[in-house]
Amino acid sequence: MDRVVLSFGDSLLRSSDVALLDAPHWLNDNLIGFTFEFLASTLSPSTAEKITLISPEVSQFIKCCGKEAPDFLHPLDLPKKDLILLPVNDNAGTQAGGSHWSLLAYFGGVREFLHYDSAPGTNSPHAQQMARNLTSILGGNPRYQEEEAPLQYNSYDCGMYVVCVAQALCEQYFRGCNNPGLQSITPQYVTQMRSEWKEIIRGISSHP
């Protein structure tokens with residue numbers, strides 16, 4: 001039975017979702033959505049006003065339905081954000097899915113998109129499309145750049161790299177420094193974080 005393990009904000013995780021935290025499995029939309037929502041919940045109120053972590057479903061909508069995105073995203077007040085984080089996948093359709101994850105980050109202070117891909121070049125067209133569609137919301141002409149990112153050395157950890165880099169960027173913003181410390185995101189660290197996220201889920205689910 002695929003029982004519900006956790007209900008957290010807008011996220012609902014079932015046992016089949018949590019099982020994906022065991023290697024060698026890809027993280028799905030549900031897990032990445034939960035991790036983003038959890039990270040957002042750990043931000044201080046003043047920091048949370050300046051950072052937005054967008055769910056995989058909304059990110060996919062931005063990529064595929066750009067003309068409809070401005071009205072849909074208006075409540076998020078994205079032009080006033082210092083940091084916007086969006087998971088990117090290589091699914092060409094409007095539904096959840098795909099076979100590779102990467103992270104697109106928008107830095108409002110310098111008006112720049114940086115794309116962090118643990119398999120460089122794989123998701124570049126998808127990230128660029130997302131950035132183009134977001135530009136119509138953010139205004140101006142933000143710069144886009146493929147940023148050096150920690151590299152995956154297997155075929156299944158891309159989603160975990162997205163989560164780890166997103167967490168590092170949030171911590172960078174909180175500390176007010178320019179170096180997000182991505183060099184610490186090694187394959188060993190990513191494996192460790194799979195276990196840590198399982199513990200986070202277990203801790204929340206045991207305290208309704």
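Closest non-hydrogen pair, Cys158 versus Gln152, comes out as CB-OE1, 3.2 Å. Shortest non-hydrogen contact noted between Glu37 and Asp10 is OE2-N, 2.7 Å. For the residue pair Leu85 and Cys170, the shortest heavy atom distance occurs at CD1-SG, 3.8 Å. Contact between Pro150 and Leu182 at its shortest, heavy atoms only, is CG-O, 3.5 Å.
By the side chain to side chain donor-acceptor pair (under 3.5 Å) test, Asp22 pairs with Lys198, sequence neighbours left out. Tyr161 pairs by the ring pair (Phe, Tyr, Trp, His ring centres under 6.0 Å) definition with nothing, not counting sequence neighbours. Partners of Ser124 under the side-chain contact (heavy atoms from CB on, under 4.5 Å) rule, at least two apart in sequence or in another chain, are Gln128, Tyr144, Glu146. Taking the side-chain contact (heavy atoms from CB on, under 4.5 Å) definition, one finds that Val58 meets it with Ile54, Ser55, Ile62, Phe72, Leu73, sequence neighbours left out. For Lys80, the salt bridge (Lys or Arg N to Asp or Glu O under 4.0 Å) partners two or more places apart in sequence, or in a different chain, are Asp77. For Asp117, the side chain to side chain donor-acceptor pair (under 3.5 Å) partners at least two apart in sequence or on another chain are His100.
Side-chain atoms of Asp29 never come within 3.5 Å of backbone atoms of Pro56 as a donor-acceptor pair (strictly under, hydrogens ignored). Within the 3.5 Å criterion, the main-chain N or O of Asn91 finds a donor-acceptor partner in the side chain of Gln60. Not one N or O on the side chain of Asn133 forms a donor-acceptor pair closer than 3.5 Å with the backbone of Met130.
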With side chain to side chain contact (heavy atoms under 4.5 Å, CB included) as the test, would you mind laying out the steps for Leu138 and Leu78 before giving the verdict? CA-CA 7 Å; Leu138 299 170; Leu78 296 182; 3.9 Å; yes
Where do Leu103 and Val88 land on the side chain to side chain contact (heavy atoms under 4.5 Å, CB included) test, with the steps shown first? CA-CA 6 Å; Leu103 181 73; Val88 182; over 6 Å; no
Begin with the C-alpha distance, continue with both residues' side-chain angles, and end with the deciding distance and a verdict on side chain to side chain contact (heavy atoms under 4.5 Å, CB included) for Lys63 and His126. CA-CA 7 Å; Lys63 185 181 76 174; His126 302 277; 3.2 Å; yes
Apply side chain to side chain contact (heavy atoms under 4.5 Å, CB included) to residues Phe36 and Val162 and explain how you reach the verdict. CA-CA 10 Å; Phe36 272 39; Val162 166; 4.1 Å; yes
Start with the C-alpha gap between Asp90 and Ser99, add the side-chain angles, then the distance that decides, and say whether side-chain hydrogen bond (donor to acceptor under 3.5 Å, both in side chains) holds. CA-CA 6 Å; Asp90 59 354; Ser99 60; 2.8 Å; yes
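Between the side chains of Glu196 and Gln192, at least one donor-acceptor pair of N or O atoms lies under 3.5 Å. Side-chain contact, Asn89 with Asn123: no donor N or O sits under 3.5 Å from an acceptor N or O. Judged by distance alone, the side chains of Asn30 and Ser11 never bring a donor and an acceptor atom under 3.5 Å apart.
Two residues are said to be in side-chain contact when any heavy atoms from C-beta on lie closer than 4.5 Å; Pro187 and Asp157 fail this criterion. Using a 4.5 Å heavy-atom cutoff, the side chains of Cys164 and Met160 are in contact. Looking at Val163 and Met193, their side chains never come closer than 4.5 Å, going by heavy atoms from C-beta outward. Using a 4.5 Å heavy-atom threshold, the side chains of Arg3 and Arg14 count as separate. Ile204 is listed as a side-chain neighbour of Phe34, based on a closest heavy-atom distance under 4.5 Å. Residues Leu31 and Leu21 are in side-chain contact: their nearest non-hydrogen atoms beyond the backbone lie under 4.5 Å apart.
Classified by interplanar angle (parallel below 30°, tilted 30° to 60°, perpendicular above 60°), the ring pair Phe113/Tyr106 is tilted.
At a threshold of 4.5 Å between side-chain heavy atoms, the hydrophobic network of Ile, Leu, Val, Met, Phe, Trp and Tyr places Val110 and Leu169 in one connected group. In the hydrophobic clustering of this structure, Trp26 does not group with Ile201; members are Ile, Leu, Val, Met, Phe, Trp, Tyr whose side-chain heavy atoms approach within less than 4.5 Å, directly or through other members. When the side chains of ILVMFWY residues are joined at heavy-atom separations under 4.5 Å, either directly or via intervening members, Leu12 and Leu6 end up in two distinct hydrophobic clusters. A chain of hydrophobic side-chain contacts below 4.5 Å, direct or via other Ile, Leu, Val, Met, Phe, Trp or Tyr residues, connects Tyr116 to Tyr189. No path of Ile, Leu, Val, Met, Phe, Trp and Tyr side chains, each step under 4.5 Å between heavy atoms, connects Tyr156 with Leu27, placing them in separate hydrophobic clusters.
Lys81 contributes atom NZ, which lies 15.5 Å from atom CZ of Phe107 (distance to the nearest 0.5 angstrom). Atom-to-atom distance recorded for Tyr173:OH and Leu83:CG is 8.0 Å, nearest 0.5 angstrom. With values rounded to the nearest 0.5 angstrom, Ile200 atom CD1 is found 9.5 Å from Thr35 atom OG1. Residue Asn28 holds its CG atom at 5.0 Å from CG of Leu20, rounded to the nearest 0.5 Å. In this structure, CD in Glu147 is found 12.0 Å from CG in Leu104, a value given to the nearest 0.5 Å. Ser118 contributes atom OG, which lies 12.0 Å from atom CH2 of Trp101 (distance to the nearest 0.5 angstrom).
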